[in-house]
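Reviewing the structure listed below.
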2 protein chains.
Amino acid sequence: MTKKTPKTTSKKSKERSEPHARTRAAHAQETAEDYVEAVFDTVQEKGECRVLDLARHFAVSHVTVSRIVGRLKQEGLLETAPYRPITLTAKGNRLAKRSKKRHQIVLEFLLSLGVDQKTAEIDSEGIEHHVSEATLAAMKRHLKTRH
Amino acid sequence: MTKKTPKTTSKKSKERSEPHARTRAAHAQETAEDYVEAVFDTVQEKGECRVLDLARHFAVSHVTVSRIVGRLKQEGLLETAPYRPITLTAKGNRLAKRSKKRHQIVLEFLLSLGVDQKTAEIDSEGIEHHVSEATLAAMKRHLKTRH
DNA sequence: CACGCAATGTAGCATATGCTACGGATGAAG
DNA sequence: CTTCATCCGTAGCATATGCTACATTGCGTG
Ligand SMILES: [Mn+2]
Ligand SMILES: [Mn+2]
Ligand SMILES: [Mn+2]
Ligand SMILES: [Mn+2]
């Protein structure tokens, strides 16, 4: 056997695989973050949040929303009952505030780079979920010094 | 009927839903981009790219890789045959180069913000797929002026 | 050139998130 | 209090991406 490559996962390849594993973990949290944000905003704006409000917000069918709301309820982030409005639990409220804060910083950061408003809103919606505490801190520094 | 809210999707809610639709579209492209990048790098580094190379790279099972490689072959990005190495098509090569370039800029950009190497590598792996041409251009400008 | 291990493929399962079609619940208006 | 439009839930389907267990191929070694 020539054995140019190790059979087991090398230290180097483990390092390379970690970013992808982290990205998958971020995507697993993404729906929860976007949903509690949306519930928070909708309640603020129109007093209550309904399944159809979220369906319109995300541009998906009410069926998709209904199922996801059920799961997030199981996870203790949302409260709801059949044909009733959706509210945030204390836990959901904390996640919403944390997520909104991070989202806002990412958005302002992109704007500070000179990205136009619409593009900044689009890109920040995806980027926010992949911004670690360290990167968020760096963005805050940039906003304070350069702005 | 009090009709506080319009039944149909308002212009405002359409604007709000667009970022989420864009994020979903980005995620639909993400696997393809990461895979062609990985194939490109692996071929460069060790002469050929095997299913297990990608499995280690992404830290997933060889089964997951095998299925995805089959799909990307159908999409015309990869070439392969049973028990044979994986290669890029011309189309796959173009996507790989484009993706690698963008990934590299995002990484360097995060480093230029003062983010540590490991964190920058992790965050850029997820962020890259959500960076539009406009934001990428803004990052390039930042790298030229501030660095 | 036969053997056996490593690599790859296949079967079958799970979860997450999309959809359409249809049926039941709610509540505003008469 | 009945009616009926709107909202919501459920059934059933699809795709993408994870997994384990098992079958098969291929190749280096003896
Ligand atoms: Mn958000
Ligand atoms: Mn988001
Ligand atoms: Mn990536
Ligand atoms: Mn993402």
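In this text the structure is predicted, and so the values were computed from the model without any measurement. Residue numbers start from 1 in every chain, and the chains themselves are labelled A, B, ... in the order their sequence lines are given, proteins ahead of strands.
Within the model, atoms OG1 of T87(B) and CD of E79(B) stand 6.0 Å from one another, a figure rounded to the nearest 0.5 Å.
Protein atom CD of E30(B) is 10 Å distant from nucleotide atom P of dG18(D), rounded to whole Å. Across the protein-nucleic acid pair, I68(A) atom CD1 and dG18(C) atom C1' stand 9 Å apart, rounded to whole Å. Atoms CD1 (I86(A)) and P (dC7(D)) sit 13 Å apart, rounded to a whole Å. In this entry the distance linking CG of L54(B) with P of dG18(D) reads 12 Å, nearest Å. If you take NZ of K73(B) and P of dT8(C), they are 14 Å apart, rounded to a whole angstrom. The CG-C1' distance, from D34(A) to dA16(C), rounds to 15 Å in whole Å. Atom NE2 of H20(A) and atom C1' of dA16(D) are 17 Å apart (whole Å). Computed from coordinates, the R24(A) CZ to dC19(D) C1' distance equals 12 Å when rounded to whole Å.
With salt bridges taken as basic N to acidic carboxylate O contacts below 4.0 Å, one links E48(B) and R50(B). Under 4.0 Å is where a charged nitrogen must lie from a carboxylate oxygen, and between K100(A) and D41(A) at least one such pair does. Between E33(A) and R102(A), at least one side-chain nitrogen of the basic residue sits less than 4.0 Å from a carboxylate oxygen of the acidic one, meeting the salt-bridge criterion.
Within the 4.5 Å cutoff, no side-chain heavy atoms of Y35(B) are placed close to those of I86(B).
The only member of H129(A), H20(A), H130(A) that meets ring pair (Phe, Tyr, Trp, His ring centres under 6.0 Å) when paired with H27(A) is H130(A).
The side chain of T31(A) places an N or O atom within less than 4.0 Å of a non-bridging phosphate oxygen (OP1 or OP2) of dT17(C). Of the side-chain N and O atoms in S61(B), none sit less than 4.0 angstrom from OP1 or OP2 of dT20(D).
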For nucleotides 8-11 of chain D, tabulate all protein N/O to nucleotide N/O atom pairs closer than 3.5 Å, reporting atom names and distance.
unit_1 : atom_1 : unit_2 : atom_2 : d
dC8(D) : OP1    : R50(A) : NH1    : 3.2
dC8(D) : OP2    : L52(A) : N      : 3.0
dG9(D) : OP2    : S66(A) : OG     : 2.5
dG9(D) : N7     : H62(A) : NE2    : 3.1
dG9(D) : O6     : H62(A) : NE2    : 2.9

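Under the rule for a side-chain hydrogen bond (donor to acceptor under 3.5 Å, both in side chains), the partners of T64(A) that lie at least two apart in sequence or sit in another chain are S61(A).
Contact annotation: side chain of R67(B) to base of dG9(C), donor-acceptor pair absent below 3.5 Å.
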